[in-house]
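Comments concern the structure below.
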There are 2 protein chains.
Amino acid sequence: MSTITDVARVAGVSVATVSRALRGLDRVSPETRQRVLDVAEELHYVASPTATSLASGRTRVVAVVAPFLTRWFFATLVSAIEKELRSRGHHAILFDLEDDTYDQRLPLTQNMLWKRVDGLITLNVPMEPDEVALVDRLGLPLVAIGSSVPGRPCVRIDDRTTMRTAVQHLIDLGHERIGYIGDVPRNVAHVQTPQDRLDAFRATMAAAGLPVVEEWILGSDWTAEAAARDGAGLLRLDPRPTAVVAASDEMAIGVRESARGLGLRVPEDFSVIGIDDYVLSGVLGLTTVRQDVAAQGRAAARLLLAALLEGDEGSDEVVMPTELVVRSSTGPVPA
Amino acid sequence: MSTITDVARVAGVSVATVSRALRGLDRVSPETRQRVLDVAEELHYVASPTATSLASGRTRVVAVVAPFLTRWFFATLVSAIEKELRSRGHHAILFDLEDDTYDQRLPLTQNMLWKRVDGLITLNVPMEPDEVALVDRLGLPLVAIGSSVPGRPCVRIDDRTTMRTAVQHLIDLGHERIGYIGDVPRNVAHVQTPQDRLDAFRATMAAAGLPVVEEWILGSDWTAEAAARDGAGLLRLDPRPTAVVAASDEMAIGVRESARGLGLRVPEDFSVIGIDDYVLSGVLGLTTVRQDVAAQGRAAARLLLAALLEGDEGSDEVVMPTELVVRSSTGPVPA
DNA sequence: CTGAAAGCGCTTACAG
DNA sequence: CTGAAAGCGCTTACAG
């Protein structure tokens, strides 16, 4: 493969001129520029990103940091981010912080970031104080999605409003005995989303003058499996709720399956609503409050690119709207 | 942040010695090595990957190339690969080749690879001849998952055997009128997996002396939505199949929903089986032929790392086993 | 066992 | 408008 020196030699100019011509910098005569471009094309010249990075101090690489990669929400974000970055000449390097345990995760280290990336996007990862300090020390711009990082821009939905919409939908259908699934996991108490959603559930119930039954509030690890298992326990209680709000569609799907397994008809005997509009929710007829996950990824990538390319280091919050999507998993309270 | 020069100065040795000591090379006295390590730690020294790459010619970065990122199969692979790479000091850079159209995809370019990665893993992407030539020219090791690349190692399942297992399960249950969903998409006729699975469907039916009804073979774009829509059409035919084999679980889920939508009981009136053991298949009670997707990702990463670190450039095929998992979406043929 | 020096392939002031 | 030269921060023969 040819280097900038080859191009310079063939074009009969210096490497400095090749560098300027190829990057479209000013102060190169049109004829010279054209000659350089022609030669570069002819030699299939592509600048070595590693040399460019060393010389310029910029890598054009962004770290995408996620607590899991396999779940729909995160995979959808990663895909949207990667495309947006690439359209502006940047690349995504991945850090999956998933550990073998549910409540633990790998820490962000200097090793992952230093001279490797120009900035980072965190996907719903609550940052530890020393991680925040590390990113500050390295002077890297950061955009958060979901779980916000102090002093940094954040793209998210309004978890409280979203949950209120879900609960209100059930209340509007006449339900009074409403259960909840998606309690805050014990050892990740610093995660904001589960906390906000549960708070909003309680607040909405209180505002409607409805009691919250503590034993109808379930934990589960935010997977459909756990929700199906826990949901079966919930629905065997007497009395049992006539409806359940799940903090995610995947959990809602699990609960609905457990209801069916117990012979309950959905929505005639039992209603369930989730949050997300998961990829299968339409096909499965799940009522949900939709969020546009890909749009959040694109917005975050654009914010980071603005910081990288234009030096626009805002600390704005971008709050994306959510909307109720009524399908067939919810219905009027049974008589 | 400190550089190798800082460490050398504080430790009172040359940068060459620091470099050797830190990388654990031979011919450094134990005392010198320890002093260097101490100083490096004290200064929070981390070698600049960009400088290391330029000097050594290796980036320790691997391109992970996928046709989509949001679908479960690919997200699961990416997650497994990223972890395996990181455990050996490598990183994953992502290339999502998804275009806006289903039958097109972005091409792999020199720009993505040259001096940017040490090798690549392709996730079920059928490579064009000029892409293969590019990778050859750049001298990059490559490991394929799923769709194989000539002369390169490949990790996959045996699509024919897997499909045969699925079809045979239905035949064993007494079904004779069996439909198929997951025909080969028109403009991606070079994709091997759909082709192999459909071939195996036909062969297995033939071997059992059963007719294949051409209008019971559906295309669909391998999403649950399309399968639900197409499945509804299929099940309105008269006569209609008593069972359907879907080439993926996501499609099987779609077909099952369309059956339920038409008032058919599953599995009493209608059976459906998929392939994958998708993340929700357990909860949804879908009968399937399971493949271990994460294991395929790990195996591919290990093969690539062997090529990178030990120079073991095999061209082995690794064929992973699959297994029938009977759940509640299949049952005996209705009387 | 250790160091001086060249080299990796660019970018970026500085001159002219 | 263009070039010579320093510099980015490492690794790697080559000497000793």
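Residue numbers begin at 1 in each chain, while the letters A, B, ... track the order of the sequences.
With 3.5 Å as the limit, one finds no donor-acceptor pair spanning the side chains of B:N124 and B:S147. Of the N and O atoms on the side chains of A:D38 and A:Q34, at least one donor lies less than 3.5 Å from an acceptor on the other residue.
The CD-P distance, from A:E31 to D:dC1, rounds to 9 Å in whole Å. For the pair B:R35 CZ and C:dC1 C1', the computed distance is 12 Å after rounding to whole Å.
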Worksheet entry | Intra- and inter-strand pairs of DNA chain C in dot-bracket (Watson-Crick or G-U wobble, both distances under 3.5 Å; | for another strand) | |||.||||||||.|||
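Taking all atoms of both residues into account, the shortest heavy-atom contact from B:R86 to A:L106 is NH1-CD2, 3.9 Å. Taking every heavy atom of both residues into account, A:I81 and A:G297 meet most closely at CG1-O, 3.5 Å. The two residues A:Q110 and A:L134 make their nearest non-hydrogen contact at N-CD2, 3.5 Å.
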Item to complete: Summarise how protein sits on nucleotides 6-12 of chain D as a single string, 5' to 3': B when a protein heavy atom is under 4.0 Å from the base, S for sugar-phosphate-only contact, - for no contact.
Response: -BBBBSB
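Partners of B:V318 according to the side-chain contact (heavy atoms from CB on, under 4.5 Å) rule, which considers only residues two or more places apart in sequence or in another chain, are B:V155, B:L303, B:M320.
Residues A:R152 and A:D136 are in side-chain contact: their nearest non-hydrogen atoms beyond the backbone lie under 4.5 Å apart. For the pair A:L37/A:L22, a side-chain contact is recorded, criterion being any heavy-atom separation below 4.5 Å from C-beta on.
For the pair B:T17 and C:dG3, the criterion of a side-chain N or O lying under 4.0 Å from OP1 or OP2 is met.
Within 4.0 Å (heavy atoms only), A:S53 reaches no atom of the nucleic acid at all.
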